[in-house]
Visitor: 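Shown below is the structure under consideration.
Below, read A as the first sequence line, B as the second, and so on, with proteins coming before strands; counting in each chain starts at 1. Just so you know, these numbers use all the heavy atoms, side chains as well, and skip hydrogens, waters and symmetry mates.
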Protein chains: 2
Amino acid sequence: MTTMKEIAVKTGVSVSTVSLVLNGRDKGRVKADIAQKVKAQAKAMGYRPNPLARSLRTSHTRIIGFISEEVATTPYAGNIIVGAQEAAANLGYMLIIVSADGSYEEGKQIAALKRYGVDGFLYAKMYNRVTNVPATLSSHPVVIVNASEPTGRYSSISPNEFTIGYDATQYLLAAGCQRIAYIGDSEPILAQGKRFNGYQAALKDAGQAFRPELVTQVSRNQEAMDSVEHMIQGAHPDGFFCFNDSRSWYVYEAAARRGLHIGQDWSLVGVDNHRVFAETVAPRLTTIELPHYEMGYWATCKLISHIEHIDPSTMTLPATTAPLPPLQADGTTLIHCQLLEKESVVNH
Amino acid sequence: MTTMKEIAVKTGVSVSTVSLVLNGRDKGRVKADIAQKVKAQAKAMGYRPNPLARSLRTSHTRIIGFISEEVATTPYAGNIIVGAQEAAANLGYMLIIVSADGSYEEGKQIAALKRYGVDGFLYAKMYNRVTNVPATLSSHPVVIVNASEPTGRYSSISPNEFTIGYDATQYLLAAGCQRIAYIGDSEPILAQGKRFNGYQAALKDAGQAFRPELVTQVSRNQEAMDSVEHMIQGAHPDGFFCFNDSRSWYVYEAAARRGLHIGQDWSLVGVDNHRVFAETVAPRLTTIELPHYEMGYWATCKLISHIEHIDPSTMTLPATTAPLPPLQADGTTLIHCQLLEKESVVNH
DNA sequence: GTGAAAGCGCTAACAC
DNA sequence: GTGTTAGCGCTTTCAC
């Protein structure tokens with residue numbers, strides 16, 4: 001580890017000059033040629049600043065605290081972490097991740113993160129919902145990921161659930177489906193209601209009547225299977241929009257029992273949480289993937305723009321990255337989800 | 001943030017005395033009553049040490065670098081992170097997680113972690129394999145998670161793949177299955193070979209002949225489905241051991257096409273990667289879950305025991321935690337995987 | 001323009 | 001036994 005002192009000695013200047021130069025604060029303070037010498041020497045010696053020492057002085061660390069629940073129990077939401085981590089790396093930050101679903105309570109974890117001097121917090125939930133942000137976070141910049149929050153005090157980023165339902169339904173309509181079923185979740189969770197609204201809106205916009213008999217909101221296991229069977233027998237759907245891949249399963253099994261094939265006899269679009277389908281039946285399944293990676297990435301960019309008091313639109317993002325989606329008036333950003341076209345929709 | 005200096009002033013002693021007392025190094029150096037006073041004052045003022053300042057001095061940080069690939073693309077392996085994070089929290093450590101599957105290369109990430117002064121590294125892979133540890137890590141304690149490494153220089157923790165195959169097959173045998181099929185993966189990955197060995201060994205120990213016609217090693221999609229169908233038609237199995245849940249899927253679909261039910265007509269034990277099955281068809285499926293959480297937890301305990309040069313068996317683990325599994329001679333620890341009994345095995 | 005000096009909060013060698 | 005002192009590597013104020 002080469003230090004500034006060593007560079008100072010080698011170059012024959014003082015540490016303060018080195019610090020000035022290496023931090024780009026030498027404008028009109030240090031002569032250009034000596035600045036050059038310092039930079040050259042630093043490069044030659046492979047100088048890298050010691051973040052600990054810098055943090056002790058400046059009390060900012062370029063570390064972000066990522067607080068999550070249920071990383072354990074939700075498939076693929078881990079992509080939020082990956083997205084956040086990559087954004088952080090691109091912008092010169094590190095992520096310390098704590099999960100609050102374990103033996104250690106959220107409060108203790110937050111206190112520990114504060115002691116380590118994190119510059120801000122990402123508060124992530126593993127399924128989209130309304131949540132309350134712990135009061136202890138309010139001393140720092142916070143961005144909420146995959147959730148929203150009632151007070152409007154914090155920025156948040158979550159998937160646009162309405163357009164998920166709308167796009168899926170519209171896609172089935174465009175394929176010529178006349179009787180599109182909605183296989184939902186029996187829990188009254190946020191995503192459920194909004195996707196269902198999108199389904200209804202798409203039907204309405206296409207001039208199709210909404211038929212309650214085509215809707216079934218199921219839990220799981222045999223009971224769910226029976227509900228789906230019952231709906232199919234009564235309402236004869238030719239297309240299905242499924243809340244998630246667990247619900248798609250019941251349709252696949254019902255098709256198999258009838259000797260029918262998804263993508264040949266029935267159309268199906270489903271939200272893909274687990275990706276066992278992608279792995280197993282692809283390219284048979286047309287799916288919508290939740291934008292976990294994007295949410296993590298953008299939330300981190302936004303948080304850092306808060307931390308550094310800069311306008312997110314001026315942030316230099318890597319060329320490969322899409323521009324930050326615009327903020328709504330209430331601080332909420334909804335991310336549109338892509339529909340991945342495969343073969344499980346047949347033209348009727 | 002109260003500092004040692006403030007405590008020293010309030011108590012009327014020097015900072016060094018405070019430091020000694022608060023670090024438990026006052027044995028025979030500071031009088032008991034004054035030590036008491038210091039402790040009381042510290043408590044009253046809600047003193048918490050500043051880890052940055054301490055680290056700058058001691059050059060250890062109580063931060064562990066967690067290096068992983070493919071957190072993005074592997075379901076549930078995120079549990080390794082959760083386990084590691086909880087173990088770290090229990091032992092007073094923090095985890096900085098970097099993923100090497102993104103735009104930033106492993107080398108840069110490792111350099112950054114070193115600058116932040118991590119005390120050691122967890123080098124995790126998201127599926128079990130033989131891997132090479134980057135040379136730059138050798139300056140620090142390292143534990144390998146969910147992988148092994150050819151040189152034998154590092155400790156590693158991975159699932160016992162052999163017993164997965166053995167236990168699953170034995171369980172099916174005990175239920176009376178006479179013709180147990182093995183639905184494997186067509187890739188020659190480590191887990192594949194060992195689970196297959198376990199399957200063969202269990203058959204042999206039970207005195208059943210190994211029948212090649214009951215084995216099919218499939219990739220995915222229609223081709224995989226066709227192979228499974230072909231095997232079933234030719235060899236008439238009454239029980240199935242499936243390499244993972246993607247492969248279980250094909251058996252479920254084949255059963256549905258015949259109007260048969262898993263758990264009534266056919267027995268099935270599968271390794272459960274995605275848990276869409278657990279969510280969807282439980283309690284119909286008898287599964288083996290990979291011990292991701294445990295691997296993360298134990299790897300972290302072991303790493304910390306290296307860092308602090310203590311015998312892992314003397315570590316005070318939380319009462320809820322199982323004891324650390326023993327180390328093999330080559331530094332490898334294999335974790336036995338539990339078989340979760342449900343209803344997808346029928347007594348023949 | 002440049003350097004000396006103070007100090008972020010803590011630890012540890014060394015006086016007394 | 002306890003306090004004084006000297007840093008860890010860096011930033012920043014203030015003389016010169």
Visitor: Given atom CE of B:M1 and atom C1' of C:dG9, what is their separation to the nearest angstrom?
Guide: 8 Å

Visitor: NA contact type, A:G117, heavy-atom cut-off 4.0 Å: base, sugar-phosphate, or nothing?
Guide: nothing

Visitor: Want to settle it: does A:D33 or A:A53 sit nearer the 5' end of DNA chain C, counting the closest nucleotide to each?
Guide: A:D33

Visitor: It should be established whether A:R54 places a side-chain nitrogen or oxygen under 4.0 Å from OP1 or OP2 of nucleotide D:dT11.
Guide: yes

Visitor: Assuming nearest nucleotide by heavy-atom distance, tell me which of A:V30 and A:V15 is located more 5' along DNA chain C.
Guide: A:V30

Visitor: Check this for me: does the side-chain of A:R57 come within 3.5 Å of the base of D:dG9 through a donor and an acceptor?
Guide: no

Visitor: Which whole-number value in Å describes the distance from A:K31 NZ to C:dT2 C1'?
Guide: 9 Å

Visitor: Any side-chain heavy-atom pair from A:S19 and A:N23 closer than 4.5 angstrom?
Guide: yes

Visitor: Between A:K114 and A:S139, does any side-chain donor sit less than 3.5 Å from a side-chain acceptor?
Guide: yes

Visitor: What's the CG-C1' distance between A:L20 and C:dA4, to the nearest Å?
Guide: 14 Å

Visitor: How close or far is atom P of C:dG9 from atom CG of A:L56, stated in whole angstroms?
Guide: 7 Å

Visitor: In whole Å, I'd like the distance from the NZ atom of A:K37 to the P atom of C:dG1.
Guide: 16 Å

Visitor: As a test of reading the structure: which of C:dC10, D:dG9, C:dA12 is closest to the side chain of B:M4, going by heavy atoms?
Guide: C:dC10

Visitor: Does C:dT11 have OP1 or OP2 under 4.0 Å away from a side-chain N or O of B:N23?
Guide: yes

Visitor: Does B:K5 place a side-chain N or O at less than 4.0 Å from the phosphate oxygens OP1/OP2 of C:dC10?
Guide: no

Visitor: Between B:E308 and B:R62, does any NZ, NE, NH1 or NH2 come within less than 4.0 Å of an OD or OE carboxylate oxygen?
Guide: yes

Visitor: Looking at B:E294, B:K302, B:M295, which one forms a side chain to side chain contact (heavy atoms under 4.5 Å, CB included) with B:W298?
Guide: B:E294

Visitor: What integer distance in Å separates B:R29:CZ from D:dG3:C1'?
Guide: 12 Å

Visitor: For A:E6 and D:dC8, give me the distance from atom CD to atom C1', rounded to whole Å.
Guide: 13 Å

Visitor: 5'-most contact on DNA chain D: B:T17 or A:P49, nearest heavy atom basis?
Guide: B:T17

Visitor: May I ask you to say what A:L52 touches in the nucleic acid, namely base, sugar-phosphate or nothing, with a heavy-atom cut-off under 4.0 Å?
Guide: nothing

Visitor: Name the nucleic acid region contacted by A:S19, choosing base, sugar-phosphate or nothing; use a 4.0 angstrom heavy-atom cut-off, strictly under.
Guide: base

Visitor: Measuring only between side-chain heavy atoms, which start at C-beta, is B:V38 closer than 4.5 Å to B:V13?
Guide: yes

Visitor: Do A:Y47 and A:Q41 get their side chains close enough for a donor-acceptor pair, meaning under 3.5 Å?
Guide: no

Visitor: What's B:S16 touching, base or sugar-phosphate or nothing? Going by heavy atoms closer than 4.0 Å.
Guide: base

Visitor: When the distance from CD1 of A:I7 to P of C:dT2 is rounded to whole Å, what number comes out?
Guide: 17 Å

Visitor: Just N and O in the side chain of A:S14: are any of them under 4.0 Å from OP1 or OP2 of C:dT2?
Guide: no

